[in-house]
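Below you'll find the structure, written out as structure tokens, and then a few comments.
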Amino acid sequence: MSETALFASHPNRRQFMTVLAAGSAAFALSSLVKPHLVHAAASGPFTLPPLPWPEDALSPQISANTLGFHYGKHHQGYVNNLNTLVLDTPLADQSLETVIKATAGKVNQVAIFNNAAQVWNHTFYWNSLRPKGGGKPTGALAEQIDKDFGDFEKFKTEFAKAAVSQFGSGWAWLVKDNDKLAVVKTGNADTPMVHGQKPLLTIDVWEHAYYLDYQNRRADYVAAVLDHLINWEFAAQNLAA
Ligand code: MN
């Protein structure tokens with residue numbers, strides 16, 4: 001799957017109308033209370049992409065309970081916020097990537113940037129995970145990791161260290177920066193694409209990603225993801241894209 005296919009996010013009025021027709025209760029509600037807010041939450045140019053696997057597929061490393069909140073409440077919340085924020089602005093007609101790049105570093109558009117980048121980061125995170133993942137990369141990606149980090153174990157140590165040491169909320173990433181692979185961490189909603197880096201993999205280290213399953217033990221969550229869930233095929237596809 002290409003990045004373009006993953007993150008394509010265009011207005012789909014027909015789908016919206018179908019949803020409205022099906023959701024008569026929501027439609028009735030929208031005429032009674034705060035129609036603007038109901039409309040914004042139910043529609044808009046940006047949609048929540050489906051998870052690439054069932055909600056219980058990452059158990060026991062990440063529980064269905066965590067995913068229910070993380071995907072169903074947090075990720076959906078960023079989508080809803082973004083749709084509300086871009087309503088009746090020129091950004092409503094742009095792709096998600098364009099919105100992120102257009103608002104990055106602009107003090108009067110911080111809220112739009114934060115929600116747009118969080119929509120993108122989470123979709124990228126779901127695809128960075130898979131049931132029966134972990135292990136080691138192969139092929140060109142494995143060769144480049146050996147070249148740029150020394151060997152796979154050194155990469156893994158550096159990636160885990162970045163994920164554990166990110167102070168507060170944020171993300172750890174494997175990126176391609178010019179011609180070299182690098183491990184970077186970003187705070188809050190920040191994302192490598194606005195720093196000229198191409199993301200290959202990410203781990204969400206916001207507390208909402210692990211607190212229900214691991215409480216304060218972020219290192220245990222990171223180790224479980226690296227050993228059992230990380231999706232090296234997705235990283236290889238991103239490197240080749
Ligand atoms: Mn998250």
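The figures that follow rest on heavy atoms only: side chains count, while hydrogens, waters and symmetry mates do not. Whatever order the structure lists them in is the order used to number ligands and atoms, beginning at 1.
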key: Backbone of Ala189 reached by a side-chain donor or acceptor of Asn121 within 3.5 Å   = yes
query = Asn115 side chain to Asn81 main-chain N or O, any donor-acceptor pair under 3.5 Å?
reply = no
key: Flag for Trp171-Gln118: side-chain donor and acceptor within less than 3.5 Å   = yes
request  = Only pairs at least two apart or in different chains count here, so list each salt bridge (Lys or Arg N to Asp or Glu O under 4.0 Å) that has a residue in residues 113-139.
outcome  = Arg130-Glu233
Stepwise side chain to side chain contact (heavy atoms under 4.5 Å, CB included) check, Val99 with Phe46 = CA-CA 11 Å; Val99 172; Phe46 300 102; 3.9 Å; yes
key: Lys/Arg N to Asp/Glu carboxylate O, Asp190 vs Lys185, below 4.0 Å   = no
key: Under 2.8 Å from the Mn ion (ligand 1), the protein N, O or S atoms, given as residue and atom   = His70 NE2, His122 NE2, Asp204 OD2, His208 NE2
